[in-house]
Amino acid sequence: MTTAAGCREHPDLAPLTTEELAARIARDIPPGSYVNLGIGQPTRIAEHLAPDAGIVLHTENGMLGMGPAATGDAIDPDLTNAGKVPVTELPGAAYFHHADSFAMMRGGHLDVCVLGAFQVSHHGDLANWHTGDPDAIPAVGGAMDLAVGAREVLVMMKLFTRDGAAKLVPACTYPLTGAGCVSRVYTDHGVFEPGPDGVRVLETYGTTADTLGERLGVGLIR
Amino acid sequence: MTTAAGCREHPDLAPLTTEELAARIARDIPPGSYVNLGIGQPTRIAEHLAPDAGIVLHTENGMLGMGPAATGDAIDPDLTNAGKVPVTELPGAAYFHHADSFAMMRGGHLDVCVLGAFQVSHHGDLANWHTGDPDAIPAVGGAMDLAVGAREVLVMMKLFTRDGAAKLVPACTYPLTGAGCVSRVYTDHGVFEPGPDGVRVLETYGTTADTLGERLGVGLIR
Amino acid sequence: MRTTIADTVDAAVAGIEDGATVLVGGFGLAGMPFDLIDALIRQGAGDLTVVSNNAGNGDVGLAALLRAGRVRKVVCSFPRQSDSYVFDELYRAGRIELEVVPQGTLAERMRAAGAGIGAFYSPVGAGTPLADGKETREIDGRVHVLEHPIKGDVALISAHRADTMGNVVYRRTARNFGPVMATAATTVVAQVGEIVPAGQLDPESVVTPGIYVDRVVRTEVRRLTVQGAR
Amino acid sequence: MRTTIADTVDAAVAGIEDGATVLVGGFGLAGMPFDLIDALIRQGAGDLTVVSNNAGNGDVGLAALLRAGRVRKVVCSFPRQSDSYVFDELYRAGRIELEVVPQGTLAERMRAAGAGIGAFYSPVGAGTPLADGKETREIDGRVHVLEHPIKGDVALISAHRADTMGNVVYRRTARNFGPVMATAATTVVAQVGEIVPAGQLDPESVVTPGIYVDRVVRTEVRRLTVQGAR
């Protein structure tokens, strides 16, 4: 990920749809990257990757070279993604066991992962596994391993909850997944880079950086 | 290894030759065992294992199911034992890399290893990698891993040096390979079990337990 | 010691004791040893600690074991799924204990048990509630958490094929936790779709060597998909 | 990032810098990347730290690199062999540093580097001179030694075949340190006997996935035996 100079504001555009956001993120993934797309919305990014970009998808349940979701006769219960959805195999794929798969992740070999989030802090802390609701059953899966291990941890999320609360926050109120691990946050309203010095805004959609800063209650760095 | 009751003395026999000693050790290795035979004399044991005993040989450079030394056209430089001698492959063999091979050793999965030794202490300490000679180039190889990892660590050695000094000693004067790791010591003059309470003698060859105890300067437990 | 070929799944799971820690392979349903679990339910051992990635899907496999009331505690990374209703009910009723472990740490802790590693420092989970109460150490400027091995009394795994020496190969992502669990338990039982004579598996492609496998049993291949699970 | 196929061994080793830590595959001569080492000698980088199981055999491969005076320090388990005369001379002349590491600890420390493990406790070497000065801890009644990762700037390995995506398979015991070194270096270079199109290697049998391999180069197969080495 290279940091763009300044902020590109697009107040005239509508906020991005999920599909547009997936396409936006896909454009930022360098050709030849090894990428893990988290369960949920980030899986949509796969459909927007250029077929000739040589991007190789990793699934933490033991595979590199994962292809699109399987349909019909191609469904093989022995071949699923991390969300347990049947997928396919591309030429040049490789299978490995769980300890090797997570060694690969924790060892910093994946170029990029894209995760959903409940909250990201201005300093890049990530909360995406537990709402802290005492009634919720905690389940972390591979989220902490990805958050710590991938060279670039990108977040794909809506910027505000349905109630209008910001999900880019001064400090996460939900339990953390990883501390200071997020490189970039892609949202329907804009793209941000959290960091030790605060939040840089790179792009806005359907709004201006000033307006966003006011809604988020933070002085955004241009 | 089961402990025999009492000591079988064979004062009438000659001390065992290396080949007889190898055969003696082979008889004690239970059928179906996974075994690592150390570099040097212990490799001779392989020739005395009953072909129908289903004993599987491990070589630490990444193989289970190692067969006899290769000769003639069967020599393949990509297939050697830990002593870099070309060997062969038996049906049911498996190859694996060094980290996996030593995980197998350190994790306690080998039933038996047989190692040579410079010295074994009465308490089962092993010294077999370094004479302490300041001029010697230290080289440990996989000896420490085997000493710590195998369930039973057997030693095959001559009981005395050429100068007549005992190699079964109150405390090793050479640098240790492992502490308290040796289960049993097979020598030309007798078979011993070192341990926290001292040395038990199980068999003698060409001598009596009493005579051996005097030469070793230790009260041998029968 | 030598791998034995069991005639029945019931013989394959004989001797599992009350209170045992049982490592159960599978990621969702892929690689789940359904038949061994069914046999374990018949066998009757209870008060079990189950270590597995998930806490059961639908009504089969691990979910059936939970429903039978045999499990005291589940150690897993991801219990909550669209079809984990058996676990969910037990958990909400306070009838089952849960230890959540990050998925890679779960795998690595079992690897450590199998590889003779006494403990290891991992950066995963540092600064999160899952590291609460754990020893930490800063290494190269990064906080690491001290993690300990998870060793099983028994591992139940499902694989593609075995040979008569217990060498095992897997199929696609059904490999998942099988190989690491096979290294981490005192007694390892594998159900496989086919058993071939020694020498029929390519020695370069064996994933779990027979040294790790105590009992192998052939079972019919049952490939189930998770309905709508994410 | 994507694996590149180098046209020549010289292109494959371009950019290795003075003072680099170089992981060199092979156990004796099996798996030794002869051609990459020859290219490294031509390339000229010096003051190297070499991590390898042995310290060279005869006059080829690693021994030739040592003779060329490019190596400041060797980290290995077993330098002394019947035909390690190049190393022996340098060592006795005080012209090369030696760090002896138990063979499994050598492999595991590289695995740790590749697997993101900050440090680990191993029972190997406890109570021996090789643990002198190292932190220890008693775990389950057994003394363990704290061991740290060994990371390479470069790894040079030799393998059997690769595909165009950098997936690699090995041959017999020539596999040895290749797979673990491939995980543990910033830049990984593999010489292979054959390069095939992606899709030609069985995905179940890939040992080193392409994610670990930066450069692949095809070389003629040279299989050498150690004369009389033990």
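Within every chain, numbering begins at 1; the chains are lettered A, B, ... in the order of the sequence lines, protein sequences first and strands thereafter.
Residues B/Gly92 and C/Met165 come closest through the heavy atom pair CA-SD, 3.6 Å. The minimum heavy-atom distance linking B/Pro31 with C/Arg2 is given by the pair CB-NH2, 3.8 Å. Across B/Ala94 and C/Pro209, no two heavy atoms sit closer than the pair CB-CB, 4.3 Å. Nearest heavy atom pair, residue B/Ala99 against residue C/Arg111, reads O-NH2, 4.2 Å. Of all the heavy atoms in B/Tyr34 and C/Thr3, the pair that sits closest is OH-OG1, 4.5 Å.
If you measure heavy-atom distances from B/Leu110 to chain C, the contacts under 4.5 Å come from both the backbone and the side chain.
Atom CG of C/Asp140 sits in a sparse spot, with 12 or fewer heavy atoms from other residues, nucleotides or ligands closer than 6.0 Å.
Between C/Thr183 and B/Met104 the shortest side-chain heavy-atom distance does not fall below 4.5 Å. The closest side-chain heavy-atom distance from B/Pro91 to C/Gln200 is not below 4.5 Å.
The line from CD1 of C/Ile211 to CG of B/Asp111 is 6.5 Å long, rounded to the nearest 0.5 Å.
Counting heavy-atom pairs closer than 4.5 Å to chain C, the top residue among B/Met63, B/Glu89, B/Met105 is B/Glu89.
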